[in-house]
Amino acid sequence: MSTAAAPVRTLDAHSVGELRQAAEKILAEFGTSATSEALLDRVAQAADAFGDIRHHCRPVDTADGLYVLAGLDVDDHGLGPTPTSWAGAGDSGALHDITLLLLATVMGNPIAWEGQQDGRYVHNIVPSPGHEDEQTGASSTVLLSPHTEDAFHPGRAHLLMLSCMRNPDNIATTAASIRQVELDEADIGLLTRPSLPILPDDAYAEAQGFDGGTPPRVPTLFHARDGLTLRFDPAYTPLEDASPAHRAAYARLSAELSRVSRAVSLNPGEVLVVDNDLVVHGRVPFRARYDGTDRWLKRASVRVPWRRSRPLAEAHEHGYGQAALEAHGDRAARRAHTS
């Protein structure tokens, strides 16, 4: 795994101050980061007024498929202890929730999930007792396998944002871009066929019990106008149902992603922005202490409505009964029309 530095975009002092002022004003008005229609309207209004911040939040523009947005302020003492579960986090770090929502709104359209973390638009990613060995963000002692975020769903994010609140042990997020792998045409041909489904992960208990239709078979790779993209989650893909040739091609893709994978260890105040169509991400194992000092990230998912990079067949998938809630649907539609 490479330790090469990820591309970094550093916010200038004016932009940091503009973000902080907007987030503080919204938090003072609503007293919470739990999103309501009125709060989301305020976020959209504030984001529309930003200037230089837009340049820093421009689309991913290298084969890395990601960048780190640096320069935000995090007061470790004022933040309070790391929660031991997302359910116990409540409004911990609420100012940072709103800051992340503002940045996400500049980039596109933040989404939430009815079946995950009470439908919040910003998730708390913390190690949780009893979940150490799961393939979810609450795990710790196992390698979180490289995957596309919410790969099972056609409404998955185009961009994933991971904002670091605390990381005293320098625990790394892993990331690997499909644009940096080497595959032969035969493997690409096999993996662009819709041969296997991707099943809901353990964060979606309701979706795992869905009985409203056969799991749709989806391609692992597909061609966009600017190159290959992928939809990948080996932990929830029934590879045993594939042909030997398909399994071999999938294994070679996995090996290539491992070869080009890099470790990104975030510091407080840094936000990792990942193109979810280009990059699979995971996390190295670690030992949680559950003493209030563990690693703590906040996560936001962003759809870019004017982007066209996925197979049209995805529109017919049932999504295992899960609904993606869009924060600024009307606003996003207007922006798409004028882009």
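Closest approach of Val142 to Arg283, counting heavy atoms only: O-NH2, 2.7 Å. The two atoms that bring Arg247 and Glu240 nearest to each other are NH1-O, 3.8 Å, heavy atoms only. Taking each heavy atom of Val271 and Leu100 in turn, the nearest pair found is CG1-CD1, 4.1 Å. Minimum interatomic distance between Thr229 and Ala224 (heavy atoms only, all atoms of both residues): CG2-CB, 4.0 Å. Nearest heavy atoms, Cys57 versus Val106: CB-CG1, 3.8 Å. Smallest separation of non-hydrogen atoms from Asp184 and Asp187: OD1-N, 2.8 Å.
Between the side chain of His158 and the backbone N or O of Val304 there is at least one donor-acceptor pair closer than 3.5 Å. Arg299 places no side-chain N or O within donor-acceptor distance of the main-chain N or O of His123, the cut-off being under 3.5 Å. His14 contributes no side-chain N or O that, together with a main-chain N or O of Asp12, makes up a donor-acceptor pair within less than 3.5 Å. In terms of modelled atom types and a separation under 3.5 Å, the side chain of Asp294 and the main chain of Arg289 share a donor-acceptor contact. Gln322 places no side-chain N or O within donor-acceptor distance of the main-chain N or O of Gly319, the cut-off being under 3.5 Å. Remark: side-chain polar atoms of Gln208 are paired, donor with acceptor, to backbone N or O of Pro200 under 3.5 angstrom. The main-chain N or O of Leu239 is never found under 3.5 Å from a side-chain atom of Thr237 such that the two would form a donor-acceptor pair. Asp201 places a side-chain N or O within donor-acceptor distance of the main-chain N or O of Ala203, the cut-off being under 3.5 Å. The main-chain N or O of Thr293 is never found under 3.5 Å from a side-chain atom of Arg166 such that the two would form a donor-acceptor pair. Between the side chain of Thr174 and the main chain of Gly282, a donor-acceptor pair closer than 3.5 Å is present.
Atoms CG and OG1, on Leu196 and Thr220 in that order, are 7.0 Å from each other to the nearest 0.5 Å. Taking OG of Ser128 as the start and CD of Glu134 as the end, the distance is 8.5 Å to the nearest 0.5 Å. Remark: Thr148 OG1 to Arg231 CZ distance equals 8.5 Å, nearest 0.5 Å. Rounding to the nearest 0.5 Å places CG of Leu40 at 5.5 Å from OH of Tyr121. With values rounded to the nearest 0.5 angstrom, Leu191 atom CG is found 8.5 Å from Ile178 atom CD1. Atom CG in Leu272 sits 10.0 Å away from atom OH in Tyr67 (nearest 0.5 Å).
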For this session: For the pair Leu162 and Val274, evaluate side chain to side chain contact (heavy atoms under 4.5 Å, CB included) and give the outcome as yes or no after the intermediate values.
Result: CA-CA 8 Å; Leu162 297 173; Val274 171; 5.7 Å; no
For this session: Apply salt bridge (charged side-chain N to carboxylate O under 4.0 Å, His left out) to Arg156 and Asp233, showing your working.
Result: CA-CA 13 Å; Arg156 64 194 178 281; Asp233 196 347; over 6 Å; no
For this session: Begin from the C-alpha positions of Leu19 and Leu11 and carry the test side chain to side chain contact (heavy atoms under 4.5 Å, CB included) through to its verdict.
Result: CA-CA 10 Å; Leu19 272 168; Leu11 289 163; 4.1 Å; yes
For this session: Mind running side chain to side chain contact (heavy atoms under 4.5 Å, CB included) on Leu160 and Ser301 for me, showing each step along the way?
Result: CA-CA 5 Å; Leu160 176 70; Ser301 296; 4.2 Å; yes
For this session: Apply side chain to side chain contact (heavy atoms under 4.5 Å, CB included) to the pair Val43 and Thr35, showing each step before the final yes or no.
Result: CA-CA 10 Å; Val43 167; Thr35 45; over 6 Å; no
For this session: Begin from the C-alpha positions of Thr173 and Arg295 and carry the test side-chain hydrogen bond (donor to acceptor under 3.5 Å, both in side chains) through to its verdict.
Result: CA-CA 11 Å; Thr173 297; Arg295 176 182 184 257; 3.2 Å; yes
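Between the side chains of Asp202 and Tyr236, at least one donor N or O sits under 3.5 Å from an acceptor N or O. Judged by distance alone, the side chains of Asn276 and Glu149 never bring a donor and an acceptor atom under 3.5 Å apart. Donor-acceptor pairing under 3.5 Å is recorded for the side chains of Asp133 and Thr141. Side chains of His328 and Thr105: a donor-acceptor N/O pair is present below 3.5 angstrom, by distance only. Using modelled atom types and a 3.5 Å distance limit, the side chains of Ser177 and Asp64 yield no donor-acceptor pair.
Ion pair Asp226/Arg179 flagged as a salt bridge, since at least one NZ, NE, NH1 or NH2 atom sits closer than 4.0 Å to an Asp/Glu carboxylate oxygen. Using a cut-off of 4.0 Å between Lys/Arg side-chain N and Asp/Glu carboxylate O, Arg310 and Glu317 are scored as not salt-bridged. Checked for salt-bridge contact, Arg307 and Asp275 meet the test: a charged N lies under 4.0 Å from a carboxylate O.
In the displayed structure, Glu29 atom CD is contacted under 6.0 Å by more than 12 heavy atoms of other residues, nucleotides or ligands. Enclosure of atom CD in Glu24 by more than 12 non-hydrogen atoms of other residues, nucleotides or ligands within 6.0 angstrom is indicated.
A heavy-atom distance below 4.5 Å is not found between the side chains of Ser195 and Arg217. Residues Asp118 and Trp86 are in side-chain contact: their nearest non-hydrogen atoms beyond the backbone lie under 4.5 Å apart. The shortest side-chain heavy-atom distance between His223 and Ile188 falls under the 4.5 Å cut-off. At a threshold of 4.5 Å between non-hydrogen side-chain atoms, the residues Val16 and Asp73 count as touching. A heavy-atom distance below 4.5 Å is found between the side chains of Leu144 and Gln135. You'll find the side chain of Val273 reaches within 4.5 Å of the side chain of Met107, heavy atoms only. The side-chain heavy atoms of Val126 and Thr84, taken from C-beta on, include no pair separated by under 4.5 Å. With contacts defined as side-chain heavy-atom distances shorter than 4.5 Å, the pair Phe232/Ser254 qualifies.
Between His153 and Tyr204, the distance from one ring center to the other does not fall under 6.0 angstrom.
When hydrophobic clusters are built by joining Ile, Leu, Val, Met, Phe, Trp and Tyr residues whose side-chain heavy atoms come closer than 4.5 Å, directly or via intermediates, Ile198 is not grouped with Leu257. A continuous path of hydrophobic side-chain contacts links Ile53 to Met161 [ILVMFWY only; heavy atoms under 4.5 Å]. Val68 is connected to Leu278 through a chain of hydrophobic side-chain contacts under 4.5 Å among Ile, Leu, Val, Met, Phe, Trp and Tyr, so both are in one cluster. In the hydrophobic clustering of this structure, Leu95 groups with Ile98; members are Ile, Leu, Val, Met, Phe, Trp, Tyr whose side-chain heavy atoms approach within less than 4.5 Å, directly or through other members. A single hydrophobic cluster is seen to contain both Leu103 and Phe50, as judged by linkage of ILVMFWY side chains at heavy-atom distances under 4.5 Å, directly or through other members.
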